[in-house]
Amino acid sequence: MAANQRAGGTVSPASSASSPVDAGLLPLTAEVRPEGLAVGGVLLADLARCHGTPLFVYDEEQLRQRCREAVAAFGPGNVAYASKAFLCTAMARLAHEEGLLLDVASGGELRAALGAGVPADRIVLHGSNKDEAELRTAMSAGVRHVVVDSFDELDRIERLHAEERLPVVRVQLRVAPGVAAGAHEAIRTGGSDSKFGFGLAGGTAERAARRAADSPAMLLEGVHAHVGSQVLDARELAAGAAAVARFAAGVPGRRLTVGGGLGVAYEAGQSVPSFADWAARVHAAVRGAGWDGQVGVEPGRSIAARAGLTLYRVGTIKRIEGVRTYVSVDGGMSDNLRPALYGSRYEAFLPRSPRADRPLRARLVGKHCESGDVIIDEAALPADLRVSDLLATPVTGAYGYAMASNYNKLPRPAVVFVRDGAARVVVRRETEEDLLRLDADGPAGPAGPGVLPGARRSGGGDLVAARPLGTA
Ligand SMILES: *Cc1c(COP(=O)(O)O)cnc(C)c1O
């Protein structure tokens, strides 16, 4: 089952709802061996045995290949990896090594990118409400450019330049083109009723452009928009790009960035454009709108999603007569929030038998104290599924670990990269000690809970021994 889907294309529709998982949903280097599925030359069962579950597994070759395909389609210097999809030191380095810029949207993401050794001039700062500290770090470090999002932010940049003498910063103007696309309201960002950007309607964006162009604190180098995410029709992305291009053509600056948003197939039957399709549509649309400068993109999901999968252990199978079957695994909404947040759909398979038919219908759920903790409603699963089976959900490489939480005090999973028969842990599993490391109150001593007798808390939360009663 060397996965056949190259840059884009259709994941073949399930011939019947009970058919095996489609190879097009698996990582590129997936191969079926007698013992089960291997990715990057490593058996998934061995990874689970060595590193535990839940576990995020990434096909490093596929991550690199996706980066290269994006650069080939849009040109070097024109692709920024949207790090919010999945970011850790190893991922920041990988994207940088493959020639991508890094798009970060907070001080924390900026810190991760700089900490990974990505040069500041390869980093782009986004965000709809950047605070002074984030702007200060970006301006002092000398990031490639800042995508400015509001008049308040222009004020803050001017103040930092005038009062703290921070260097002049290159900026792109984020505009809301009045075109929104995407699979769910929460990820449609480009409409005029949006917290993002300066509206093209009513002349707001035009005013912002004049202000930035005249400002001594910044150099306006172009326009930016991002219309939405998980867009499966490249024509929608092109329509957004055309709307911004018309505006950009009348503004100083030679760079137009049209955001990310290219969708991926999460289920059999979904058709996805390739990077080359996306590039062709966007280039034609912006040229048609009168733009002849650079065109940049910021793919996140389309780089990371299919390269990653999640391994879980099945713990409980509950058959409720006349109702349904529940299959519970050892993770859930704390490692994959997308089903609860967006109603997103996934598929599942058993690494021990990736070619098995899946006639069983069950609700695949996590271990959290919520009925909404559903990973797949009506999951198709093999009939011989049993407790202690290893189960995998493919295409979880984007917005999975990135949105992970400690809900119910679950430690966040480890992340491993596999390649050429070797696995390396790139993010270690959280421990139960990690879960308490921010608690200002220390653990109870052997004698019992809480504060020692005769001790009190100082204002800072430190334990201070009180003088024994009756002494001076
Ligand atoms: C989220 C986001 C992206 C990436 O979106 P994907 O759909 O993951 O490709 C790119 N640019 C901006 C500004 C974003 O907010």
Side-chain angles (χ1 to χ4, degrees), residues 8 63 66-67 69-70 73-74 78-87 91 95 100-106 109-110 113 123-130 143-150 153 171-177 179-191 194-198 222-234 236-238 240-241 244 255-266 270 272-275 277-279 282 295-308 337-338 341-342 344 395-403:
L63 287 173
R66 292 300 280 165
C67 289
E69 285 168 9
F74 288 95
N78 292 330
V79 184
Y81 170 59
S83 69
K84 72 175 191 273
F86 167 59
L87 179 62
M91 185 63 206
L100 276 63
L101 304 169
L102 237 74
D103 145 5
V104 299
S106 73
E109 288 180 355
L110 177 57
I123 298 174
V124 175
L125 179 67
H126 280 271
S128 61
N129 182 21
K130 305 172 197 70
V143 295
R144 200 195 168 293
H145 64 258
V146 171
V147 179
V148 292
D149 204 287
S150 68
E153 189 178 326
V171 300
Q172 283 189 1
L173 209 63
R174 171 129 185 195
V175 303
V179 176
H184 187 276
E185 165 133 53
I187 51 175
R188 285 193 281 264
T189 51
S194 170
K195 72 169 178 169
F196 297 102
F198 299 96
V223 174
H224 174 284
H226 169 74
V227 295
S229 197
Q230 183 53 9
V231 182
L232 293 170
D233 185 344
E236 289 182 32
L237 292 170
V244 219
R255 291 195 68 89
L256 168 65
T257 305
V258 299
L262 187 68
V264 301
Y266 286 101
Q270 288 180 309
V272 287
S274 65
F275 283 132
D277 297 336
W278 183 23
V282 164
V295 180
V297 287
E298 300 160 339
R301 186 192 315 270
S302 52
I303 297 282
R306 192 185 145 199
L337 190 59
R338 297 189 64 255
L341 194 57
Y342 311 130
S344 309
V395 205
T396 56
Y399 306 107
Y401 191 82
M403 289 185 175

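Order of listing sets the numbers, starting from 1, for every ligand and every atom in it.
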Asks: Could you tell me whether Arg338 sits above the aromatic face of Tyr266, with NZ or CZ closer than 6.0 angstrom to the six-membered ring centre and within 45 degrees of the axis?
Replies: yes
Asks: Which residues pass the side chain to side chain contact (heavy atoms under 4.5 Å, CB included) test with Ala82, not counting sequence neighbours?
Replies: Asp103
Asks: For the residue pair Leu101 and Tyr81, establish whether any side-chain heavy-atom pair is separated by less than 4.5 Å.
Replies: no
Asks: A side-chain contact here means heavy atoms from C-beta on lying under 4.5 Å apart; do Val295 and Asn78 qualify?
Replies: no
Asks: So is Ser302 touching ligand 1 or not, going by heavy atoms under 4.0 Å?
Replies: no
Asks: Under a 4.0 Å heavy-atom limit, does Asp103 contact ligand 1 with its side chain, its backbone, both, or neither?
Replies: side chain
Asks: Please determine if Gly228 has a nitrogen or oxygen closer than 3.5 Å to a nitrogen or oxygen of ligand 1.
Replies: no
Asks: Just which atoms of ligand 1 are under 4.0 Å from any heavy atom in Tyr399?
Replies: 1 (C), 4 (C), 5 (O), 6 (P), 8 (O)
Asks: Ring centres under 6.0 Å, that's the criterion: do His226 and His126 meet it?
Replies: no
Asks: Determine whether any heavy atom of Pro299 lies closer than 4.0 Å to an atom of ligand 1.
Replies: yes
Asks: For the pair Asp149 (side chain) and Phe196 (backbone), establish whether a donor and an acceptor sit closer than 3.5 Å, ignoring hydrogens and angles.
Replies: no
Asks: Check ligand 1 against Glu298 and write out every atom of the ligand that is under 4.0 Å from a heavy-atom position of the residue.
Replies: 3 (C), 4 (C), 9 (O), 10 (C), 11 (N), 12 (C), 13 (C)
Asks: What heavy-atom pair brings Leu102 and Ala113 nearest, and what distance separates the two atoms?
Replies: CD2-CB, 3.6 Å
Asks: Does a side-chain heavy-atom distance below 4.5 Å link Leu262 with Val272?
Replies: no
Asks: Would you say ligand 1 has an N or O under 3.5 Å from any N or O of Ser229?
Replies: yes
Asks: Near Ala82, which atoms of ligand 1 are under 4.0 Å from a heavy atom of that residue?
Replies: 3 (C), 4 (C), 10 (C)
Asks: Do His224 and ligand 1 have an N or O pair less than 3.5 Å apart?
Replies: no
Asks: Do any nitrogen or oxygen atoms of Arg301 come within less than 3.5 Å of a nitrogen or oxygen of ligand 1?
Replies: yes
Asks: Is any side-chain heavy atom of Tyr342 less than 4.5 Å from a side-chain heavy atom of Gln230?
Replies: no
Asks: Hey, does Phe196 sit under 4.0 Å from ligand 1 if you only count heavy atoms?
Replies: no
Asks: Side chain or backbone, does Arg174 bring an N or O within less than 3.5 Å of an N or O on ligand 1?
Replies: no
Asks: Need the ligand 1 atom indices (1-based, order shown) with element for anything under 4.0 Å from a heavy-atom of Gly260.
Replies: 9 (O), 10 (C), 11 (N)
Asks: Between Gly261, Ala105, Ser83, which one has a non-hydrogen atom sitting closest to atom 6 (P) of ligand 1?
Replies: Gly261
Asks: Minimum heavy-atom separation for Phe198 and Val148, please, with both atom names.
Replies: CE1-O, 3.7 Å
Asks: Output the list of atoms in ligand 1 that are nearer than 4.0 Å to some heavy atom of His126, sorted by atom number.
Replies: 13 (C)
